[in-house]
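To start, the structure under review is shown below, and the notes come after it.
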Amino acid sequence: MRQWRGALVGFGHVAVQGHLPAWQRQEDVRIVAVCDADSSRRALARELLPQARVYERMDELLEKECVDFVDIATPPSCHAEQVEAAARAGVHVLCEKPLTTSLDEFVRMQQCVRSAGVVLHTVHNWRFSEAYIALRQAMQREQLGPIQQISLKTIRPGCAAGAAGSWRLDPRLAGGGILVDHGWHAFYLLTELAGELPEAISAAVSRRRYVDALVEDTAFCSVVFPCLKADLHLTWAGRTRHTSWTIVAEGGQLRLENSRLEVQSARGAFSLDLPSPAAGSHHPDWFDGVIAEFRAALAQPRAGYDNLCEAGLCVALLEQAYRSAREQGRAIEVVVPCP
Ligand SMILES: NC(=O)c1ccc[n+]([C@@H]2O[C@H](COP(=O)([O-])OP(=O)(O)OC[C@H]3O[C@@H](n4cnc5c(N)ncnc54)[C@H](O)[C@@H]3O)[C@@H](O)[C@H]2O)c1
């Protein structure tokens, strides 16, 4: 069996609590190196992965190590430079979301990985959540038909803390607020559910909890697709953690409230209690699905193409949402940066 050699770049919360346990479940993958800018995280890496070599800088890691892939889980502002450095070294990349928050950067990254012939795959792990899988299965089983309306709400009592400093409220490190942090997940889920590309987006952003912050903690977006409309409500100003999705289709309706899914169809109404997702935002169980997608892309590089297009779409929606918010909620056309 071929053995894959990987390196973790950024050994913070999601790398340690979400990625590492899933990599350690893979028989044919060895994490041989770790890089983190923070000394206490490097000390933790030495403790958790005594066989791995630990670096402060990624360029040193790439120079000294012979790895097949890097798994990047640093704050968003690091991603573009690190993806491009890995690609130039001929190393495949799995990168946490948001891949980037700028379309120009996205295009540069896309060109860089294409000319290096390496895979660039973004972590779109909410697709593997119990809730999303159950919702897709119920839609199929109940034959609900074409979707007419989607509403996704993500309410959180504050933003998650970083392992080595709080970057989520710093626009230079995070690239934006909750729209970047949670909106990215909502954008790829919405587009997959809609089964078509978005045409336009309008958005309003505000600060309700972190009133002195330089990024938004609350966002409302309306996304127009050719055959349906979708609404997003994201906030870090909630009192408790709450996730709520409503899907209205021609043949019925689905409503998810945290881990309870209610379905109404021509065959009647029923509800399902799903296993509650683990506390926190690292979701180690969902990462197996991400690894399977990444493996498929490595086995047949073209398969990774869809994921890169999906990331491009998320960047386009993000950029246009912020532009709409600056222009008092004007609907802005979304141009997808992939052929
Ligand atoms: N997909 C998901 O569900 C999910 C969940 C949480 C976080 N994330 C994403 O994962 C990334 C990391 O988030 P986190 O919550 O783990 O943050 P974190 O702050 O806990 O971890 C980031 C780590 O990167 C290190 N770092 C910073 N700059 C570096 C550099 N230049 N080189 C090497 N290491 C560097 C920090 O020291 C820190 O240990 C973000 O992009 C975030 O959006 C995704």
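The figures that follow rest on heavy atoms only: side chains count, while hydrogens, waters and symmetry mates do not. Just so you know, ligand 1 is whichever comes first in the structure, and atom 1 is the first atom listed for that ligand.
Distances from atom 6 (C) of ligand 1 to the heavy atoms of Val14, Val34, Asp38 show the closest one on Val14.
Ligand 1 has a nitrogen or oxygen under 3.5 angstrom from a nitrogen or oxygen of Gln82. In terms of polar-atom proximity, Gly165 is not counted as a contact of ligand 1, lacking any N or O under 3.5 Å from an N or O of the ligand.
Both the backbone and the side chain of Lys97 come within contact range of ligand 1, each with a heavy atom under 4.0 Å. Using a 4.0 Å cut-off between heavy atoms, Cys78 contacts ligand 1 through its side chain alone, with no backbone atom that close. Looking at Arg168 against ligand 1, only its side chain comes within 4.0 Å, counting heavy atoms. In Glu96, the part holding a heavy atom less than 4.0 Å from any atom of ligand 1 is the side chain. When heavy-atom distances to ligand 1 are checked against a 4.0 Å cut-off, Asn125 comes that close only through its side chain, counted from C-beta outward.
Taking the ring centroids of Phe128 and Phe287, they lie at or beyond the 6.0 Å cut-off.
Taking 4.0 Å as the cut-off between side-chain N and carboxylate O, Asp231 and Lys153 do not count as a salt-bridged pair. Classification of Glu310 and Arg127 as a salt-bridged pair holds, one side-chain N sitting under 4.0 Å from a carboxylate O. A salt bridge is absent between Glu319 and Arg323; no separation between the charged side-chain nitrogens and carboxylate oxygens falls under 4.0 Å.
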Using distance only, find each side-chain donor-acceptor pair of residues 20-27 under 3.5 Å and give its atom names and separation, not counting sequence neighbours.
unit_1 : atom_1 : unit_2 : atom_2 : d
Trp23  : NE1    : Asp71  : OD2    : 2.7
Arg25  : NE     : Asp288 : OD1    : 3.3
Arg25  : NE     : Asp288 : OD2    : 3.3
Arg25  : NH2    : Pro284 : O      : 3.2
Arg25  : NH2    : Asp288 : OD1    : 3.3
Arg25  : NH2    : Asp288 : OD2    : 3.1
Gln26  : OE1    : Arg295 : NH2    : 3.1
Gln26  : NE2    : Ala22  : O      : 3.1

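Neither side chain, Ser102 nor Asp104, offers a donor N or O lying under 3.5 Å from an acceptor on the other.
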